[in-house]
**Q** 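Structure provided below as structure tokens; questions to follow.
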Amino acid sequence: MYNFLQRLSAITSFAMSTLMVMAILISVTTPLIPSSPTHSLTLRGVQTTTGRRVDTLDKKSRSAEYAQLTFDVDADLTSMFNWNTKLLFAYITADYRAPGFETNRVVVWDRIVRNRRQAKLRLRKHQNKYLLRNYALTFEGVEAANLTLHINPVPYLGLMYDRSATSIPLSLPRAAGSAGQAGR
Ligand SMILES: *[C@@H]1O[C@H](CO)[C@@H](O)[C@H](O)[C@H]1NC(C)=O
């Protein structure tokens, strides 16, 4: 009949298949677990200034128009934590159309929410964490801009997916006295 190794091999392969099926089921069903997060984003003001900023991603630190946003965030993401949630990645993007570039997305703020205790966000008169400037170094011709809050649950097992975003219109004015002079 069967020897010990054959039995072990059969049991192991059965266990592996079972595990794989479970893993697939968990990854597929996790996004379907109901949750009822609330979130709102309010823009209080946008101030555009021209100048040079210390930018770790751009050592040339050219003179450009920078927008400073002041915003409020209210969110209760507690219900998004389930047994397969490692953390939530919350971030705000500015999306806009600009001459020559149809799609532009700049991340202006982010936060890692590690547990239920951190899941209630209440930010007042918050300012962007990351510099907001256009690729062309000026906001001339920028249109259809939106400010969007994204919530990205990171599961222990399975794929990341973007969820429950709230979006508000944003206008990016030119800096005072900069009319007519395109970015340099
Ligand atoms: C901003 O939102 C409006 C309304 O939902 C939409 O028409 C526009 O295309 C959005 N802009 C961008 C750049 O996605």
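Throughout, residue positions are numbered sequentially from 1 according to the sequence presented. Whatever order the structure lists ligands and atoms in, that order sets their numbers, starting from 1. Nothing here was measured: the structure is a model prediction, and the numbers come from that model.
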**Q** Please check atom 7 (O) of ligand 1 for a protein heavy-atom neighbour under 4.0 Å.
**A** no
**Q** Which heavy-atom pair separates Phe139 from Arg133 by the least distance, and what is that distance?
**A** CZ-CA, 3.8 Å
**Q** One thing to verify: whether Arg44 and Asp72 come together as a salt bridge, which I'm taking to mean a side-chain N less than 4.0 angstrom from a carboxylate O.
**A** yes
**Q** Can you name the atoms of ligand 1, numbered from 1 with element, that are less than 4.0 Å from a heavy atom of Tyr96?
**A** 13 (C)
**Q** I'd like to check whether Ala145 has a polar contact with ligand 1, where a contact means an N/O of the residue lying under 3.5 Å from an N/O of the ligand.
**A** no
**Q** Does any N or O of ligand 1 fall below 3.5 Å from an N or O anywhere on Asp95, backbone included?
**A** no
**Q** Could any protein non-hydrogen atom be found less than 4.0 Å from atom 4 (C) of ligand 1?
**A** no
**Q** May I ask you to decide whether Arg124 forms a salt bridge with Asp74, counting only side-chain N to carboxylate O separations under 4.0 Å?
**A** yes
**Q** side-chain hydrogen bond (donor to acceptor under 3.5 Å, both in side chains) between Asp76 and Thr38: does it pass, once the steps are laid out?
**A** CA-CA 5 Å; Asp76 185 352; Thr38 62; 5.1 Å; no
**Q** Under a 4.0 angstrom heavy-atom cut-off, which atoms of ligand 1 come close to Arg97?
**A** 9 (O)
**Q** Are more than 12 heavy atoms from other residues, nucleotides or ligands located less than 6.0 Å from atom NZ of Lys120?
**A** no
**Q** Tell me: protein heavy atom nearest atom 14 (O) of ligand 1, and distance?
**A** Asn146 ND2, 3.7 Å
**Q** Could you walk me through whether Thr70 and His126 pass side-chain hydrogen bond (donor to acceptor under 3.5 Å, both in side chains), step by step?
**A** CA-CA 5 Å; Thr70 308; His126 224 71; over 6 Å; no
**Q** Which residue and atom name correspond to the protein heavy atom nearest atom 13 (C) of ligand 1, and how close is it?
**A** Ala144 O, 3.2 Å
